[in-house]
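The structure under discussion appears below in the form of C-alpha cells.
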Amino acid sequence: IYYTRTCNSRCGFCNIPDTGIKYDIQEIKLKQWETLFLNLEQLGIKTVKLLGGEPTEKIDLNPLLKLIRFVKKNTNIKLALLSNSKWDKAKWFDKFCSSGLFGYYASIDAVEGETTCHDTLEKSQKGYQVLLDLQKDGSIPLLAANIVISKKNIKQIPKLAKLLSDKGFYINICPLQCFDNQPTYNNKKIEYHFRKKKTRIELSSEDKQEIKKVVEELVFLQKKRC
C-alpha cells in the first residue's frame, strides 16, 4: 500500500512523486488509516507492506509510528515497511524497534559500484547499515532488502544477493518495468509510467542474455544454499 507519494529521494527512474502532484492525489489522515486497517482485518488480509514514495519522508514520524502500533494492537496483520532509510536514526531507531513492526525492507540497489544516481547509492548504503543495526537489535522479525534491477546494476546483482543472503537478510528482486509493445489488461492499455519515468536504464530486449546469465547465477546460489 502506498503510504505516501512524496519522497526525499530522486532516483532518476521513479515517477511516483511527480504523478502524485500531477493527479493531485490526496494523502489520508491517521484516523482514516486506522479504519482502513480495521477493514483489511475484517477482509482477512494477513500481511501488508507500506511503501511510497517514502513512508518516512516527513520529519515527524510519530503519525507513522502510531499507525504501526495501532495495527499491532488492534489487528493480526503483519505489517512491514519499505524505506530508503534516510530517516534520523539517532532520533527514531529505538522507536521503530519498539513499535511492533513485523518487517523492514531496505531499498538497496547496490552497496558499491555503479548505480542510477547519487540518491540511489546513498539510500543503498544507509539501508544496508540500518539492516545490520536492526539485526543486532533483534526486535523486528523480518529483515529484507528490496533490489531494483536496471542496466546500471544488473551485473552486480549476484554479488549483492550473496552479500545480503550471507548476512541473513531476505531479498526481494524486481526489474524496472519495460516492454516492447504497449501492455494491456482486459484489452485496455496499461500506463506503467504512472510509476516510473521512461529512461535509458530500464531493461530491454538487448539485455536478454545478461538477464539470463544473472538469473542462472541467482538460481545456482539459491540451490547451493538449500
Side-chain angles (χ1 to χ4, degrees), residues 1-3 7-14 16 47-57 64 68 78-89 92-93 96-97 99 101-177 195-196 201-203 210-211 213-226:
I1 298 178
Y2 285 135
Y3 182 74
C7 190
N8 51 11
S9 288
R10 288 295 179 268
C11 293
F13 55 81
C14 180
I16 291 173
T47 63
V48 172
K49 184 195 291 182
L50 289 180
L51 60 152
E54 174 49 45
T56 68
E57 188 266 347
L64 174 60
I68 295 170
K78 293 179 178 179
L79 184 62
L81 182 72
L82 170 58
S83 172
N84 64 20
S85 304
K86 289 185 176 182
W87 40 273
D88 186 348
K89 198 160 57 172
W92 301 108
F93 183 85
F96 269 123
C97 290
S99 65
L101 189 65
F102 178 79
Y104 186 91
Y105 286 75
S107 183
I108 302 177
D109 299 335
V111 176
E112 57 185 22
E114 192 175 15
T115 57
T116 57
C117 63
H118 172 74
D119 276 7
T120 303
L121 184 59
E122 180 188 6
K123 73 176 184 180
S124 297
Q125 292 175 337
K126 286 188 174 181
Y128 181 57
Q129 187 57 55
V130 166
L131 285 182
L132 292 173
D133 293 341
L134 289 173
Q135 186 180 59
K136 186 176 180 180
D137 177 83
S139 300
I140 299 177
L142 173 63
L143 299 176
N146 190 77
I147 303 173
V148 177
I149 306 177
S150 70
K151 284 182 186 287
K152 290 282 190 179
N153 70 346
I154 187 168
K155 292 182 180 180
Q156 303 177 49
I157 297 302
K159 181 180 177 181
L160 178 59
K162 187 175 186 306
L163 169 68
L164 293 164
S165 185
D166 286 346
K167 292 292 184 181
F169 303 126
Y170 292 95
I171 304 163
N172 180 48
I173 299 178
C174 51
L176 282 180
Q177 294 157 330
R195 293 189 59 193
K196 78 168 186 68
I201 64 169
E202 66 188 22
L203 300 170
E210 192 64 50
I211 294 169
K213 180 182 176 183
V214 167
V215 169
E216 287 173 349
E217 290 185 62
L218 292 172
V219 171
F220 172 77
L221 289 172
Q222 185 182 45
K223 288 181 177 178
K224 186 178 178 182
R225 187 164 298 277
C226 292

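- Atom CZ of Phe102 sits about 10.5 Å away from atom CG of Leu79, to the nearest 0.5 Å.
- For Ala80 against Tyr105, the heavy-atom pair with the smallest separation is CB-CE1, 3.9 Å.
- Using a 4.5 Å heavy-atom threshold, the side chains of Cys174 and Asn146 count as touching.
- Under the 4.5 Å side-chain criterion, counting only non-hydrogen atoms from C-beta, Leu51 is not in contact with Tyr3.
- Here the CD1-CD distance, from Ile211 to Glu216, works out to 12.0 Å after rounding to the nearest 0.5 Å.
- Scanning all heavy atoms of the two residues, the minimum distance from Leu218 to Pro158 falls at CD2-CA, 4.1 Å.
- In this structure, the side chains of Val130 and Tyr104 come closer than 4.5 Å at one or more pairs of heavy atoms.
- For the atom pair CG of Leu164 and NZ of Lys159, the computed distance is 12.0 Å after rounding to the nearest 0.5 Å.
- In this structure, Phe96 and Trp87 have tilted ring planes: the angle between them lies in the 30° to 60° band.
- Within a 6.0 Å radius of NZ in Lys89, other residues, nucleotides and ligands contribute more than 12 heavy atoms.
- Around NZ of Lys49, the count of heavy atoms belonging to other residues, nucleotides or ligands within 6.0 Å exceeds 12.
- Counting only heavy atoms from C-beta outward, the side chains of Phe93 and Asp133 approach each other to under 4.5 Å.
- Using a distance-only test at 3.5 Å, with no hydrogens or angles considered, no donor-acceptor pair links the side chain of Glu54 to the main chain of Ser83.
- The heavy-atom pair separating Leu81 from Pro55 by the smallest distance is CD1-CB, 3.5 Å.
- Here the CG-NZ distance, from Asn8 to Lys123, works out to 10.5 Å after rounding to the nearest 0.5 Å.
- How far CG of Asp137 is from CG of Leu132: 13.0 Å, rounded to the nearest 0.5 Å.
- Among all heavy-atom pairs drawn from Ala145 and Ile108, the shortest one is CB-CD1, 4.0 Å.
- Side chains of Tyr170 and Leu142 form a contact here, defined as non-hydrogen atoms less than 4.5 Å apart.
- In this model, no donor atom of one side chain and acceptor atom of the other lie less than 3.5 Å apart for Thr47 and Lys78.
- With hydrogens and angles disregarded, a donor-acceptor distance shorter than 3.5 Å links the side chain of Gln135 to the backbone of Lys167.
- When all heavy atoms of Ser99 and Ile68 are compared, the pair lying nearest together is OG-CG2, 3.5 Å.
- When all heavy atoms of Ser85 and Ala106 are compared, the pair lying nearest together is OG-CB, 4.0 Å.
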Report the C-alpha distance between Tyr128 and Leu163 in whole Å, list the side-chain angles of each, state the deciding distance to 0.1 Å, and finish with yes or no for side-chain contact (heavy atoms from CB on, under 4.5 Å).
CA-CA 10 Å; Tyr128 181 57; Leu163 169 68; 3.6 Å; yes
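- Listed for the Asn153 side chain is a donor-acceptor partner under 3.5 Å among the backbone atoms of Ser150.
- Residues Cys97 and Leu134 form a side-chain contact, since some pair of their non-hydrogen atoms from C-beta on lies under 4.5 Å apart.
- Interatomic distance, CD1 of Ile154 versus NZ of Lys213, reported as 10.0 Å (0.5 Å rounding).
- Residues Leu82 and Leu50 fail the side-chain proximity criterion, which asks for heavy atoms closer than 4.5 Å.
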Under the salt bridge (charged side-chain N to carboxylate O under 4.0 Å, His left out) rule, what do Lys86 and Glu122 come out as? Steps first, then yes or no, please.
CA-CA 8 Å; Lys86 289 185 176 182; Glu122 180 188 6; 3.5 Å; yes
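- No donor-acceptor pair closer than 3.5 Å links the side chain of Asp109 to the backbone N or O of Ile147.
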Leu101 and Ser139: CA distance, side-chain angles, deciding distance, side-chain contact (heavy atoms from CB on, under 4.5 Å) verdict
CA-CA 8 Å; Leu101 189 65; Ser139 300; over 6 Å; no
